[in-house]
Each structure stands twice: as C-alpha cells, then as structure tokens.
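Structure record follows, encoded as structure tokens.
Every number for a ligand or one of its atoms is a count from 1 in the order of the listing.
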Amino acid sequence: MATADYTRRIIHIDMDAFYASIEQRDYPELKGKPIAVGGGGSRGVVATASYEARKYGVHSAMSGFRARQLCPQLIFVPTRFDVYKEVSQQVRAIFETYTDLIEPLSLDEAYLDITINKKNIALATEVAESIMQEVLERTQLTCSAGVSYCKFIAKIASDMKKPNGMTVIRPHQALPFLEQLSVKKFHGVGKVTAEKMFHLGLKTGGDLKKLTKLELAQRFGKVGGFYYNIVRGIDNRPVNNKRIRKSLAVERTFREDLSTFEEIVETLEPIIRKFFERLSIANNFGRTITLKLKTSDFQIMTRSLSKEYYVTSLAEIRAIAHELLRDNIDSFEKIRLIGLTASNLQKQGEVPGIGYQLKFDFDAFKEL
Ligand code: DCP
Ligand code: MG
C-alpha cells in the first residue's frame, strides 16, 4: 500500500486570465472592459475572457456567438501567440532563478519543486510570494499560486484565490480538504466524467473514498486507481522537467452520440481549430495526423495519414481529418469521442509539456 510523501514542497503557478490580461496590458483602452480573446469569427471559440467579461458568464471554449449573447458589449480581440509565448518565457526565466525542477503544463502554468531551492529560502510560501512579486514587476501581470506537498493539491490550490492569490494546503489539512472537494475540481475529471460521477452519487472526494480500488477501476478504468490514491492524499508524481513530447493530441467526448458525416464534421471543426492552435503555440507540427474515434460501444478506432513533409496549415489539417473521416464513415454506427493527434513531430526531446487539460464547453459547441 502506497503512502504519501509529505517531505516535498511543490508550487503550482497559473497566470490570471492570461491572454486577456496581456491584451489589456498592451492596449490600455481595453483595461476594465469585458474582452474575449479569440472567438470573433463566425465559427470562433473564445480562448479566454477578462474578469470583467466573466461576470457575464463568458469563459474559455465558449462559442463567440454565445459569448456575444451573454454580453453584447463584449470586445473581441484577436490572439497574438508570439507575445503570449514571449511572456511565458519571461516567467519561466524567473522560475529558473529558484529551481531547475520546473514542469510547464501550458504557456501559463507550471509546477515547481522548490524543496531545495537555489535561494535557500526555508518557507515555500515565501518562495511563492517572491515569485508572484517578480512576475508582476517583470511582466505587469498577476498570477496565482498553490502551495502544497504534491502536484495534485498544489494545482487545485492555485485556483482558489484567483486572481493574484496564494493558497497553502499543509499536509495535515490535505485529507479534510480532499474529502470536501467537489469531483468537478479534480484535475483530470472532465465535464462528462463529472456528470457520470454525479449520476453515481459521487459528488466529493469523500464519496470517492468510500469505493474500493476495484470498484473505482470498474467504473472509471485505469484512472480509477489514480483517484483511489488521490483521495487519500497520495500523489508522489515527481515534477518532471524532462517530459519528452512524441505527439500532441486534442480530443473531446460528447454527451450524445453522433452518427452522420455532417454532424461529425460540424463537431470536428472546433477540435481541428484547437488542435491547430496548440500545434502553432508549440511551434511543433507533425508529419502524421491521426483521427481517433470511440464508438458508442467503447471501441477505439484510429486512422492515420503520413506525409513526406510537416503539415503546418489549418486547411491541410482539416482536409486530412475530413478525408480520414470520410474513408471510415461506414466502419461505425455511432461515436462518442473524437480526437486528433499529430506525431512524427518536428521537435522531439526537450520540448516542454505544453498540453493543458482541455475543458470544452459542450453547450457552446452545440450552438455553433
Ligand atoms: N486557453 C485556450 N483554450 C482553453 C483554455 C485556455 O486557448 N479552453 C488559453 C487562454 C488562456 C490560457 O490558455 O488565457 C490559460 O488558460 P487558463 O485555463 O489558465 O485560463 P486563464 O489564464 O485565461 O484564466 P485563469 O485566471 O482562470 O487562470
Ligand atoms: Mg491561467
């Protein structure tokens, strides 16, 4: 039986309304206004919204159409990935003055293991405060921090006092904290899994804790074992600064099964766009594109197409995805998940893990 390692000091840092804050910083006329980054076009999806816009219910992954309905005065601003990347590198440089054990999860968030830190600061909270201060000075942007002994809790904690807030969960607070924690907040539990859990009467960590390891595995597959340990405060995953990226994937599960080509093509569009966006941010395209489909009876089908060159245009990625779908449309009746993966990437090895857990807004997509 595994036990928790309470000796580590892990910080999770996450920038506040990242793209939107950068736009407001660089275009002062946008300060204090409800803005959405991305989502301006007829089929566009909002990448993120300023805190002023969030008051109206506008959020990441929502269709621009829906966002405009909720907040008619919303200002749509185009994305500027190069600038977001540059800021990300500035923040990263600050982290590096504290520790080399840094694991980026996306442009705007990272885990830091500061158990031993280069500045010999004894208190993890002091390290977090100091990082927040330096990020603000260097970039004029705020971030939030979660401090704990493991990655899982640090990540949840960083979200609790946003914006510009720090939350510390000490080892003796971990178990009661996890007991009351809504499963919706569990990193790795998407909207569909959370709904499934709700139907099973599993609303909090405490509810999950009542199930045996076997029961969790039967209900949730492999990740069940992870939940079993997590609700007991056991997460000994190291902060991994050498994550090697071999592929980059975006996928989405649906509430309702899809069957016709037209239906699937329509639902595929925001996935294609997100996929292209992530490849662009990573500046790392692949020669091979794979379409993954999970049928309503849980069979997984993958179909790939490889080129002699790196596929770097949105139009070509879309054409390949459509071709793979068209060629296989007769192989299944109904599907419940679609994903796209790029492999044989341009850059392999020391590419930071750029993948954030994508939380799609299913209702928004229905309206597209
Ligand atoms: N992003 C995106 N699509 C999503 C989620 C996020 O393009 N579905 C982009 C835009 C965000 C950035 O990634 O600015 C960081 O994502 P976060 O989830 O950390 O969201 P924010 O930083 O915008 O807001 P918060 O203050 O809640 O962290
Ligand atoms: Mg953020």
Here's one to test your reading of the geometry: is the NZ or CZ of R8 within 45 degrees of the ring axis of Y6 and under 6.0 Å from its centre?
no

With a 4.0 Å cut-off on heavy atoms, does A17 reach ligand 1?
yes

Does Y51 approach ligand 1 within less than 4.0 angstrom via side chain, backbone, both or neither, non-hydrogen atoms only?
side chain

Out of D108, T142, L105, whose heavy atom sits nearest atom 15 (C) of ligand 1?
D108

Contacting atoms of ligand 1, where contact means under 4.0 angstrom from a heavy atom of K274:
2 (C), 3 (N), 4 (C), 7 (O), 8 (N)

Counting only nitrogen or oxygen atoms and a 3.5 angstrom limit, does D16 reach ligand 1?
no

If you count the non-hydrogen atoms of other residues, nucleotides and ligands that lie under 6.0 Å from NZ in K185, is the total more than 12?
no

K118 charged N/C atom sitting above Y98 aromatic ring, 6.0 Å / 45°:
no

Do the side chains of F254 and M301 join up, straight or via other hydrophobic residues, at under 4.5 Å, putting them in one cluster?
yes

Is K162 paired with D16 through a side-chain N to carboxylate O contact shorter than 4.0 Å?
yes

Numbering the atoms of ligand 1 from 1, which are under 4.0 Å from a heavy atom of E277?
7 (O)

Below 4.0 angstrom, N of the basic side chain to O of the carboxylate: do E269 and R318 qualify?
yes

Is the contact between E109 and ligand 1 made by the side chain, the backbone, both, or neither, using heavy atoms and a 4.0 Å cut-off?
neither

Please classify the R54 to ligand 1 contact at 4.0 Å (heavy-atom distances, strictly less than): side chain, backbone, both or neither.
side chain

Assess, by modelled atom type and distance only, whether the side chains of Y56 and Q73 contain a donor and an acceptor separated by less than 3.5 Å.
yes

Looking at F18, which atoms of ligand 1 are within less than 4.0 Å of one of its heavy atoms?
14 (O), 21 (P), 22 (O), 23 (O)

Where does the angle between the aromatic ring planes of F81 and Y19 fall among parallel (under 30°), tilted (30 to 60°) and perpendicular (over 60°)?
perpendicular

What about M15: any of its N or O atoms under 3.5 Å from an N or O on ligand 1?
yes

At a cut-off of 2.8 Å, list the protein N/O/S atoms near the Mg ion (ligand 2), residue plus atom name.
D14 OD1, M15 O, D108 OD2

NZ or CZ of R54 within 45° of Y51 ring axis and under 6.0 Å:
yes

How about F226 and F220: are their ring centres within less than 6.0 Å of each other?
no

